[in-house]
Amino acid sequence: MTDSIIKKHQFESSISRVWDAISRAEEISDWFIMADFKAEKGYKYKFTHEQTVISGEVLRANPVYELVYTWIVSGTDVETTVSWRLEEHKEGTLLTLEHSGISNYPGETAVTMFNNYKGGWDSCVVNLEKYLSKK
């Protein structure tokens, strides 16, 4: 099992538009998950979906190019890291999304979480694309 999930996707939207969608609580809540979030280093955020709470701390926020935060799922004490990197292109924005540290989960739980995250991030990119195409 690899320790990281990496998703790359080219959006037709501007880099500032993609940045806003991934860094503003009200926009994250529209296309991803209910968010108490600020793209500010040190901000302790919370994402909530039904009974699941994801919390962590923003490690880096370099508008409009990079956003990195820790990721801790309620009921576990395992910390992983989510990184969003944006590159401006003539035809839009290239997103590289990486979720690393998944091998920090014990034993078979790591494999289960890797598979769950992989599918979840696939859906996330699709939902972000739909959200951006409506704006």
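All values below come from the heavy atoms of this structure, side chains included, with hydrogens, waters and symmetry mates left out. Predicted model only: the values in this text are computed from it and were never measured.
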- Do Val125 and Leu132 share a hydrophobic cluster, counting only Ile, Leu, Val, Met, Phe, Trp and Tyr and linking them when any side-chain heavy atoms are less than 4.5 Å apart? yes
- Any side-chain heavy-atom pair from Phe11 and Leu94 closer than 4.5 angstrom? no
- Shared ILVMFWY cluster between Trp31 and Tyr117, side chains joined below 4.5 angstrom? yes
- Would you say Lys7 and Glu98 make side-chain contact, with heavy atoms under 4.5 Å? no
- Task: Would you check if there is a donor-acceptor pair between the side chains of Ser4 and His99 at a distance under 3.5 Å?
- Result: no
- Query: Say you draw a straight line from OG of Ser83 to CD of Glu66; how long is it, rounded to the nearest 0.5 Å?
  - Reply: 6.5 Å
- Item | From Thr76 atom OG1 to Met113 atom CE, the distance as rounded to the nearest 0.5 Å | 6.0 Å
- Check whether any side-chain heavy atom of Tyr105 sits under 4.5 Å from a side-chain heavy atom of Val111, and report yes or no. no
- Query: What is the minimum heavy-atom distance between Thr48 and Lys46, and which atoms define it?
  - Reply: OG1-CG, 4.0 Å
- Item | Centroid-centroid under 6.0 Å between Tyr131 and Phe32 rings | no
- Task: With the side chain counted from C-beta on, respond yes when Tyr45 and Ile54 share a heavy-atom pair under 4.5 Å apart, and no when they do not.
- Result: yes
- Does Glu108 CD have over 12 foreign heavy atoms under 6.0 Å away? no
- Quick one: do Leu95 and Tyr65 end up in the same hydrophobic cluster if we chain Ile, Leu, Val, Met, Phe, Trp and Tyr together by side-chain heavy atoms under 4.5 Å apart? yes
- Under a single-linkage definition using a 4.5 Å side-chain heavy-atom cutoff for Ile, Leu, Val, Met, Phe, Trp and Tyr, are Trp121 and Val18 assigned to the same hydrophobic cluster? yes
- Task: Starting at OG of Ser13, measure out to CD of Glu91 and round the result to the nearest 0.5 Å.
- Result: 12.5 Å
- Message: I want to check something: taking the side chain as every heavy atom from C-beta on, are Ile72 and Val78 in contact at a cut-off of under 4.5 Å?
- Response: no
- Item | Flag, side chain of Thr80 to backbone of Trp71, donor-acceptor distance under 3.5 Å | yes
- Look at Glu12 together with Arg17 and state whether they make a salt bridge at an N to O cut-off of under 4.0 Å. no
- Task: Evaluate the side-chain proximity of Arg60 to Leu67: yes if any heavy-atom separation is below 4.5 Å, no if none is.
- Result: no
- Query: Side-chain contact, heavy-atom cut-off 4.5 Å: Thr52 with Val73?
  - Reply: yes
- If you look at every heavy atom in Ala61 and Glu40, which pair is closest and at what distance? CB-N, 4.1 Å
- Query: Just by modelled atom types, is the Gly56 backbone N or O under 3.5 Å from a matching donor or acceptor in the Thr70 side chain?
  - Reply: no
- Are Val64 and Val82 co-members of a hydrophobic cluster defined by side-chain heavy atoms under 4.5 Å apart? yes
- Task: Using a cut-off of 6.0 Å, state whether more than 12 heavy atoms not belonging to Arg24 lie near its atom CZ.
- Result: no
- Message: Quick check: do Val126 and Asp122 have side-chain heavy atoms less than 4.5 Å from each other?
- Response: no
- Would you give the length of the straight line joining atom CG of Asn62 to atom NZ of Lys41, rounded to the nearest 0.5 angstrom? 11.5 Å
- Look at atom NZ of Lys38 and say whether more than 12 heavy atoms of other residues, nucleotides or ligands are closer to it than 6.0 Å. no
- For the side chain of Asp3 and the backbone of Gly101, is there at least one donor-acceptor N/O pair under 3.5 Å apart? yes
- Item | Worked verdict on Trp19 versus Thr93 for side-chain contact (heavy atoms from CB on, under 4.5 Å) | CA-CA 10 Å; Trp19 174 259; Thr93 304; over 6 Å; no
- Does the side chain of Glu129 come under 3.5 Å of the side chain of His9 through a donor N or O and an acceptor N or O? yes
- Atom CG of Leu97 and atom CD1 of Ile5: how far apart are they, to the nearest 0.5 Å? 8.5 Å
- Message: In this structure, is the centre-to-centre distance between the rings of His49 and Phe47 below 6.0 Å?
- Response: no
- Task: Would you kindly say whether Tyr69 and Trp84 are connected by a side-chain donor-acceptor distance under 3.5 Å?
- Result: yes
- Can you tell me how far OG of Ser29 sits from CE of Met34, rounded to the nearest 0.5 angstrom? 4.0 Å
- Message: Looking at every non-hydrogen atom in both residues, tell me the closest pair between Ser23 and Ala39 and how far apart they are.
- Response: CB-CB, 3.7 Å
- Query: For Gln51 and Ser74, which heavy atoms make the closest approach, and how far apart are they?
  - Reply: O-OG, 4.1 Å
